[in-house]
Amino acid sequence: AMSTLTQPQVGWKCAVCGERVAIGTPLSWRCPNSNEHDTHHVLQIEQPIAPLRSTGDDNPYIAFRKYLAWDAFAAALGMSDDARVSLIREADAAVQRVAGTGFRFTPFARHDALSDALGFSAGGGVWVKDETHGVAGSHKSRHLFTEMLHLLAAEETGTAPWSTPEARPPLAIASCGNAAFAASTLAKAMQWPIEVFVPENAAAELTDLLLSVGANIVRCPRLPNDAPGDPCVHRFREAVARGAIPFGVQGTENAWCLDGGRTIGWEMADSMERVSGPPLDRVFMQVGGGAFAACGSAGLYAGGLRPKLHAVQTVGCAPLARAWQHAVASGGGKNAGPRWSECMWAWENVQSSLADGILDDETYDWVGVCNAMADSGGSPVVATEQHVVDAYALAHKVTSIDVSPTGTAGLAGLLAIRGEIANDERVVVVFSGVRRHFMPLPTAQ
């Protein structure tokens, strides 16, 4: 029996049914109780992190390696410390050859012009985390890199079901945006085949981007006998059932995405240690599938900061805000996983938005986001389309960051509740994705 004095080791626990999975389990994507009839399960990392300390390396996966669940997994497989560092270095170098950049700390600082434009005092202000220069131009690759490291470690130690790189099963993802491009970029770097399931009418600009990194694109029309929901997700799940590896950013499909995504929050926490004055008051993070907000906030909180999390959605697609209301009314926003079917279901009538990257009809990682809002005294924010448009215009007017409309959706949330925020508060927005050349430039205000 475990002594009560022993610190709990890192492991997985399903937020819905409580099932535990040992950290050394290879290919541990989903809760063992998740199946095609019951997908309402999600593994979450159980891990004490205190205090958070960076090694000073400029690669976040090396700087914070001892806090990554992946590192504990690779150690459990018998990989030495040096071998684990080498694996990250080699994978990062391969990514750099394809993407032109590897994994590095991304800029995080008070943005004076944006703070002034929004009327904050000198002591308060808006801190911007700029993910536009990350691998593949967004934060998505952060989540995917720990999935890739997991596969490489399993392969290298002989614990993967395939024996040679030639026998690798394909990776699979349902997306036609930044996640698909990030996944395909990492796949190309590691010479791993990937199938990208995209909507039937996916824009040529996006499919061209995917083809540029060698993705195998599968268009997904709605079939007559399809269940409700996204046909791309249906086809993706069928591919996984045939043996493909889920390689996306939904914790319900591959929990390892929830590991690497925390580096965004760890970097912010590490950086704030060198900033004088009061701590951060609020953090605004846009929500589509939810992994970004769940991980970014978890990383911040592990670093000892506890700003209120505001999860931002648009008025035309706000399943998380609805789930939060149902969770609060049925026993609280925290640990609502067992109440999944009462709280979270697909948004019935998704309306288009300039921030089209956050229109997921279901917030897959809603449990983690709700936990973070409950723990921090935060709340969801539903931005109007005007807020979305105004945030995009403002970002391009007062900053030099070439961010996409989806990437400024967190700022839209700040605009939506600016009247409730004191001028001396310190708030964070994450500019989470670069503007592609085919996206509209903001109209002048």
Side-chain angles (χ1 to χ4, degrees), residues 10 23 26-29 45 54-55 57-74 79 83-106 129 131-156 160 168 171-173 175 177-192 194 196 213 215 245-251 253-267 289 291-292 294-296 298-299 365 430 432-434:
V10 56
I23 201 66
L27 313 196
S28 46
W29 316 136
I45 298 164
S54 162
T55 66
D57 199 278
D58 64 352
N59 179 327
Y61 297 89
I62 301 279
F64 302 113
R65 178 173 62 89
K66 66 182 178 184
Y67 308 113
L68 287 170
W70 172 78
D71 193 66
F73 164 74
M79 287 185 77
R84 277 138 49 203
V85 172
S86 295
L87 183 59
I88 297 172
R89 294 270 188 230
E90 286 162 23
D92 183 64
V95 169
Q96 193 158 1
R97 287 192 288 274
V98 169
T101 180
F103 288 98
R104 299 296 175 267
F105 276 58
T106 50
K129 180 74 164 148
E131 290 295 310
T132 61
H133 298 288
V135 171
S138 80
H139 70 280
K140 300 285 189 182
S141 53
R142 299 262 191 159
H143 299 276
L144 292 159
F145 194 54
T146 34
E147 294 181 15
M148 180 56 80
L149 290 174
H150 180 100
L151 294 171
L152 294 170
E155 188 174 270
E156 201 163 294
R168 288 169 170 173
L171 307 174
I173 184 173
S175 161
N178 281 332
F181 184 54
S184 302
T185 299
L186 295 190
K188 182 176 172 65
M190 301 306 152
Q191 300 175 319
W192 206 300
I194 186 167
V196 181
V213 283
I245 293 167
F247 195 65
V249 292
Q250 298 160 355
E253 306 295 337
N254 188 332
W256 285 94
C257 77
L258 303 175
D259 186 23
R262 298 181 296 167
T263 55
I264 299 169
W266 290 339
E267 285 183 21
F292 171 54
C295 292
D365 287 291
V430 185
S432 61
V434 70

_Using the rule side chain to side chain donor-acceptor pair (under 3.5 Å), only one of Asp71, Asp57, Thr55 pairs with Arg65; which is it?_
Asp71
*For Glu147, what residues pass the salt bridge (charged side-chain N to carboxylate O under 4.0 Å, His left out) criterion, not counting sequence neighbours?*
none
_Ala182 versus Ala136, closest heavy-atom pair with distance_ = CA-CB, 3.7 Å
*asked:* With heavy-atom distances below 4.5 Å as the criterion, would you say the side chains of Met79 and Leu87 are in contact?
replied: yes
*So, for Val249 and Ala179, which heavy atoms are closest and what is the spacing to 0.1 Å?*
CG2-CB, 4.0 Å
*For Trp192 and Leu152, what are the C-alpha separation, side-chain angles and deciding distance, and is it a side chain to side chain contact (heavy atoms under 4.5 Å, CB included)?*
CA-CA 11 Å; Trp192 206 300; Leu152 294 170; 4.2 Å; yes
*Determine yes or no for a side-chain-to-main-chain donor-acceptor pair under 3.5 angstrom, with Asn254 supplying the side chain and Phe247 the backbone.*
no
*Output, in order, the C-alpha distance, side-chain angles, deciding distance and verdict of side chain to side chain contact (heavy atoms under 4.5 Å, CB included) for Val196 and Leu171.*
CA-CA 8 Å; Val196 181; Leu171 307 174; over 6 Å; no
_Student check: side-chain heavy atoms of Met190 and Glu90 closer than 4.5 Å_ = no
_Pairwise side-chain contact, His139 with Val430, heavy-atom cut-off 4.5 Å (strictly under)_ = no
*Give the intermediate values and the outcome of ring-ring contact (aromatic ring centres under 6.0 Å, His included) for residues His150 and Trp70.*
CA-CA 6 Å; His150 180 100; Trp70 172 78; 9.0 Å; no
_If you apply the rule side chain to side chain contact (heavy atoms under 4.5 Å, CB included), what do you find for Ser141 with Phe103, and how did you get there?_
CA-CA 9 Å; Ser141 53; Phe103 288 98; 3.6 Å; yes
_How long is the straight-line distance from SG of Cys295 back to CH2 of Trp266, given to the nearest 0.5 Å?_
9.5 Å
*Find the distance between CZ (Phe292) and NE2 (His143) and round it off to the nearest 0.5 Å.*
7.0 Å
*Where is the tightest heavy-atom contact between Asp365 and Gly251, given as atom of each residue plus distance?*
OD2-N, 2.8 Å
*Which of these, Val135, Ile264, Asp259, sits in a side-chain contact (heavy atoms from CB on, under 4.5 Å) with Arg142?*
Ile264
*Using a distance-only test with no angle check, is there a side-chain donor-acceptor pair under 3.5 angstrom linking Arg262 and Thr146?*
no
_Less than 3.5 Å apart, any donor N or O on the side chain of Ser28 or Trp256 sitting next to an acceptor on the other?_
yes
*asked:* Ring centroids only, cut at 6.0 angstrom: are Phe64 and Phe105 within range, meaning strictly under it?
replied: yes
*Report the C-alpha separation of Glu131 and Thr106 in whole Å, then their side-chain angles, then the decisive distance to 0.1 Å, and conclude whether the side-chain hydrogen bond (donor to acceptor under 3.5 Å, both in side chains) test is met.*
CA-CA 6 Å; Glu131 290 295 310; Thr106 50; 2.5 Å; yes
*Is there a side-chain contact between Arg89 and Asn59, using heavy atoms and a 4.5 Å cut-off?*
yes
_With sequence neighbours excluded, residues passing salt bridge (charged side-chain N to carboxylate O under 4.0 Å, His left out) with Arg97_ = none
*Steps toward side chain to side chain contact (heavy atoms under 4.5 Å, CB included) verdict (Asp92, Tyr61)*: CA-CA 9 Å; Asp92 183 64; Tyr61 297 89; over 6 Å; no
*Just by modelled atom types, is the Gly433 backbone N or O under 3.5 Å from a matching donor or acceptor in the Ser138 side chain?*
no
*Mind checking what makes salt bridge (charged side-chain N to carboxylate O under 4.0 Å, His left out) contact with Arg168, not counting sequence neighbours?*
Glu155
*Would you call Ile88 and Phe145 a side-chain contact if the rule is heavy atoms closer than 4.5 Å?*
yes
*Do Val98 and Leu186 come close enough that some side-chain heavy atom pair is under 4.5 Å?*
no
